[in-house]
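See below for the structure under consideration.
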Amino acid sequence: MDRKLGSPAKTVRVLEQAGYAETQIFTEDWTWKPSDLYPCLTLSLIEDKPLFVRLFLEHGVNSTSLIHSKLERMVTGEGSRAKVESTIELHHVSRVLKELLGDLSEQLYPEGKTRKVRSQVNIKVNALNEWQSGGHEKSTQHLEHPKRDLLIWCIVQNRAELADIIWTLTFLTKTWWGRLSVDNGFFQIILSWICLESVQYITEFWNQVDTVALLLFIVGLVCRLVSTNTVYLGRVFRLWTHDILIRFMHIFIVSKVLGPRSLFSARMVSESPKVDLLNSWVSNHIKKKECVAFISRSSGEEETCGCGYTRELHAHDVEANVPPEILWDPQKHVREFPSDAHGDMTFTGTIRNWAKYVRASCDTNPSVLFELMTQQWGLSVPSLLISVTGGAKNFNISPRLKNQFSRGLVKAAQSTGAWIITGGTHAGVMKHVGEAIRDFSGDQEGSEIVLIGIATWGIVHNREYLLSEAGGAPALYPMDEGSQGSLCCLDNNHTHFILVDDGTNQKYGVEIPLRTRLERYISQQTMQKGGTALKIPIVCVVLEGGPGTLDTIYNSMCNNTPCVIVEGSGRVADIIAQVVNLSSSKITISLIKDKLRNLFQDTYDTFTEPQIIMWTKKIQDIVRMGSLLTILREEKVGDQGMDVAILQALLKASHSADNYGQENWDHQLKLSVSWNRPDIAETQIFTEDWTWKPSDLYPCLTLSLIEDKPLFVRLFLEHGVSLSEYVTWETLTYLYNNTDSTSLIHSKLERMVTGEGSRAKVESTIELHHVSRVLKELLGDLSEQLYPEGKTRKVRSQVNIKMNGKVAAMKKSTQHLEHPKRDLLIWCIVQNRAELADIIWTLGHDCIAGALVCTKILKALSKEEEDSENRSEMKALADVYEDRAVGVFSECYRYDEKRAEILLIRVSPKWGKTTTLELAQESQAQNFMSQGGVQTFLTKTWWGRLSVDNGFFQIILCMLLFPLIYSGLITFRKGYVTNQDGIEGITNERRSIRNRPEQRNTRKLRHRGPEPYSCLWKFMAFYNAPIVKFYYNVVSYIGFLWIFAYVLMMDFQTYPSWREYLLYAWVFTILCEELRQLFYDPDQRGFVLKSVQYITEFWNQVDTVALLLFIVGLVCRLVSTNTVYLGRVFLSLDYMIFCIRFMHIFIVSKVLGPKIIILRRMVMDIFFFLFLLAIWIVSYGVAKQAILVTNEERLYWIFRNVVYGPYLTLFGQIPSDVDSLNFDPTKCSQNGTDPTMPKCVYNNENGTALFPEWLTIILMCLYLLLANILLLNLLIAMFSYTFAEIESHADQVWKFQRLGLIKEYNERPAAPPPFIFFTHVYILMKFIFCTRMNRGHKVLRRSAG
């Protein structure tokens, strides 16, 4: 220590600069033992310097061995302020902690085990030398949970950063706090005194309810059976059990609506243990090697066997009677046994604390190890294999080079999904790679980088901690570099370890043959990427290195493995980088000698002449294979990067003699797509060296779409790919067959296919008519099917895009789609792929309708999505596309108002022959509907051909006196005829005829009508205006309600009067109008779809109920004189519904419209609230009735007492029968024989009430408290939330809702009921006798032509 720290004073100064300590003190010049760092670590803890604590932990300090009993000094480190003189002991700390944690936990430091310690341990400059001299080593009393104790010490002093470091080192699954649980309450504590094991059960709320209910039932049953004198008492207790009917509320937690509104919430956690088959698999497939004969080495070391182990370390019985002349032979004296070291391992005392490992024989088949990694360990098949080799001993490289190397390596691994393979030990190049993963992969999104270490089992320090007799048990591995000697510790930044065993000890290089075979085997495997089969490429990265590294480079390049040499890292890497540009003739032995002398200064004298000659030849051969060699230049490392160098090396390797032409370029492009590196493709592949045809890019474009790589899709589109040519029927079917199996659309398609009875594999049976049905469910019945069933064709489930061939199935694709961009956009949207959908959407033409369709689909999918994150993403993306529709329409409206209004009503063949307005209404796009351009169009539609400047009284006067229409009191819109693009009342057919010269002569004959602004034209324009129709219908409906009320209250005779017959005729005309709306199908959607569309409208449901109830009342009214009164009752109820229907008229009002919507939402709230209220009413009503009255059999009075009475109690009508003082025998029937009187309460012969009034009063008070106060306030809160939610955007809600009313009155006949009957007769006659019907909507639809 003195060599580095010098003095305690210097130590304190060093502790102010963690960066200085890391770069200047922790170097290879001195090997630090963990125990040497304890004093400085103690000082860092006391003075709250978390950076130093983290630094010491990363340099081998084991937190388990750190604390020991020195925790006493930690506790009193800041207690010096109080100057408590040698009286603070750990049992004092334990008492304070027990006050903080509660009485449920045991004492952490029992008094009998504590030891007195000085209260003031002043680890300052003057006392540090005494600490270093050995005083701290006297601490031998180990603590059971040192990490817990140090964490508590940090927390009680509110040291956040220190606590965070210690907390990350702790096993979260261990029970630190004894039996303490922060969720326990007083009730749980009392029960824990009785039976501590029952605490876990009783902490669940509904288990508490069950326990109380069962205990009460048992008490009641005992009272019921023990004696006849306690029968009534038993009845009372058992009725209390019935009062626990609130347990029934637990059922509603499963409801999405009632669950959040329940008074109690319970979280049921049930974990089914998962059977781990790893142990048995490893035992059957993975072996280890151990020496079975002790043969001392020839050197005379009798205590050491030829395998390197002593006799005591031979695990198995050694062979007896081995002749002394027998030499140790691994072929004879080493045997294989089932592996005893595998599973999970945790690095103690470090930040990272998890990895998987296995001890495997050096003769293990690589296929077995590959199966272990991919199937047992769950690793995904890599897209790239990066084998890092180099110096095995620690070496230094420049900070800039290390930083760029680390960033590039991590970026290459993350972007390609690569596996990185190293030697696995905490030294040399393996340590540099591990630190690169640790420092630069934490902030990256996605899965963790797979860093596999393949090391020799015999050289691993502390490997005995990895042994496990049971196999697969978690192992605690301490990184203790200070005592490793000639062995090596495993690197704590690796994720997986394969520890190769040949039965020897301290023998290096055992893992190299197995590592070579494993890398070769992996490189021969194929990865499937969206149907594309690619061999896994491998690249060798060289950092520094010695002669062994040179052999590795040579062997790799001889096996056609590209290598990346990092210049500036030292030794062999620098030698190759310096001579790579020279010809073979210039690479002489003398040149190599000079390089070796400069770069191998310490070991150059050990090199022999034959070795140098051999190395020179290998270097010459390496330089000759220039296509497999890439140099990462030190001066260009910032511009190029390690990731680019790795990928460039693979691309250069593909330019081999066997891979020229189209197949070679296809291979390179598929590799770049697999790596998700469009920058490499753009700079290295799309060059002038090769001309790409658009059809050549189709396979990679398919792969990019399936793998969700939008940058590649954009790149391909920029290089000439046409979606119209690419997206064919077969291609789209293939894309839907390769949707993500975890996505919602995949499960919906699966249900659609299996619903047809097909139980085969879903991938082979999905056709576009299945997709069309699912899309129709998402879009609603407003649109037609996008892919009619008659046009679908079966397609193979998998299109195998092989490396060396074209896609045969896709090349045969000749059936083009009518709207390919639309189809591809929908495919992206249903999978919630925002970036891909954005690219395709920008290429479309009908952008507004497309954005609204995306909004509708995403909102529909979000309602079914179970994953909350995906659901929120879908809702956010739906809002994005609604905003895009708003933006596009606003821009169009700013540019040309008339054409923008045409866009709203234009029928889009691309989106199922629907209009933008209909899509906006179906998708609940309130933002779109509330913008100014849409509202202006709706206002024009509402006023028809009238000018919007007309006043209310002007309209009313003209309605009363129609001659005023011609007086100029009201005005009509101008420019009606001159505007060729106008939409005011001009039907589609008339406009199309006007534009065809050959039919201009027949136009006057077939569509002859009044001249614009003539008297007849003004008359029809006025009475066909929706606003005029609305006012007439309001007056008509008020008259209808008046005559309905008059008949019910004043003129309801035994036989109907003329007023009643007028009412029947009026209702009949209303029925005819509803039937017209039901059968009116201008778009020819079919009666079923039209019926569904009609009945889903709320006010149509109200109309249906009102008319059906009127028909029932009318039948009862006319069928017999005995049922006249019953008919009157039905008609009275029907009158209430017709009055409610009157509210629909006020939706047009900007003030009353939002309030009506609020009322509708509140009615739904009440509906769900009644479920909760009914539980309390029934539970209290049954209990009260059973206590007060015995054996009541009259259902009428039971209903009044159980339901009606408790319900009225909520509103202040307190029952008098719960109190015996109010008992009056004259107002009740003793035996219940009088049907007009209730049965008397439980009493004796003298008329004295015997029921426990104290109990009934308590029950009533509890009922009022819970139901009247709690539940009713919950209802008020629900109403308040609903009101605030709608009122906050009331303007948007009103603007959206008025569309339905405007559409209704725009299509409605001009005459109001009952005069509308004549219009219905005219329509019926026209339907019967006319050969051609005008089926177009008047304003709100316009054909695309």
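As the structure is a computational prediction, the values presented were derived from the model and not from experiment. Note that the numbering runs from 1 along the sequence shown for the chain.
- When atom types are taken as modelled, the side chain of N737 and the backbone of T733 share a donor-acceptor pair closer than 3.5 angstrom.
- The ring-ring contact (aromatic ring centres under 6.0 Å, His included) check on H719 picks up F686, with sequence neighbours excluded.
- Defined by atom type and a distance below 3.5 Å, a donor-acceptor pair is missing between the side-chain atoms of Y521 and N365.
- Scored by the side chain to side chain donor-acceptor pair (under 3.5 Å) test, Q578 finds K595 as partners (sequence neighbours excluded).
- In this structure, the side chain to side chain contact (heavy atoms under 4.5 Å, CB included) partners of S387, at least two apart in sequence or on a different chain, are R515, E519.
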### Message
D838 vs R884, test: salt bridge (Lys or Arg N to Asp or Glu O under 4.0 Å). Steps then yes/no.
### Response
CA-CA 10 Å; D838 177 67; R884 289 180 178 178; 2.6 Å; yes

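- Although no hydrogens or angles enter the test, the distance criterion places a donor-acceptor pair under 3.5 Å between the side chain of T495 and the main chain of L451.
- With sequence neighbours excluded, no residue forms a side chain to side chain donor-acceptor pair (under 3.5 Å) with K821.
- Between W419 and F370, the angle of the ring planes lies from 30° to 60°, which puts this pair in the tilted group.
- A donor-acceptor pair is defined here as one N or O able to donate and one able to accept, closer than 3.5 Å; such a pair exists between the side chain of W827 and the backbone of L735.
- The two residues G391 and T549 make their nearest non-hydrogen contact at N-OG1, 4.3 Å.
- No side-chain heavy atom of D708 sits less than 4.5 Å from a side-chain heavy atom of D740.
- Here the side chain of D867 pairs a donor or acceptor atom with the backbone of E869 at under 3.5 angstrom.
- A donor-acceptor pair is defined here as one N or O able to donate and one able to accept, closer than 3.5 Å; such a pair exists between the side chain of W841 and the backbone of C847.
- Closest approach of I522 to P382, counting heavy atoms only: CG2-CG, 4.4 Å.
- To the nearest 0.5 Å, the span separating CD1 on I397 from CZ on F405 amounts to 7.0 Å.
- Annotation: side chain to side chain contact (heavy atoms under 4.5 Å, CB included) contacts of V623 (sequence neighbours excluded): V579, I587, I619.
- Remark: E682 pairs with no residue by the side chain to side chain donor-acceptor pair (under 3.5 Å) rule, at least two apart or across chains.
- Closest heavy-atom contact between K910 and D846: NZ-N, 3.9 Å.
- Looking at S672 and L669, their side chains come closer than 4.5 Å, going by heavy atoms from C-beta outward.
- No side-chain donor-acceptor contact under 3.5 Å links E725 to the backbone of V721.
- Classification of K618 and D621 as a salt-bridged pair fails, no side-chain N sitting under 4.0 Å from a carboxylate O.
- A donor-acceptor pair under 3.5 Å links the side-chain atoms of R833 to the main chain of I706, judged by distance alone.
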### Message
The test is side chain to side chain contact (heavy atoms under 4.5 Å, CB included); show your working for I536 and I538 and say whether it passes.
### Response
CA-CA 7 Å; I536 301 174; I538 181 174; over 6 Å; no

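- At least one side-chain heavy atom of I826 sits under 4.5 Å from a side-chain heavy atom of Y736.
- Under a 3.5 Å cut-off, the side chain of D574 and the backbone N or O of E567 do not form any donor-acceptor pair.
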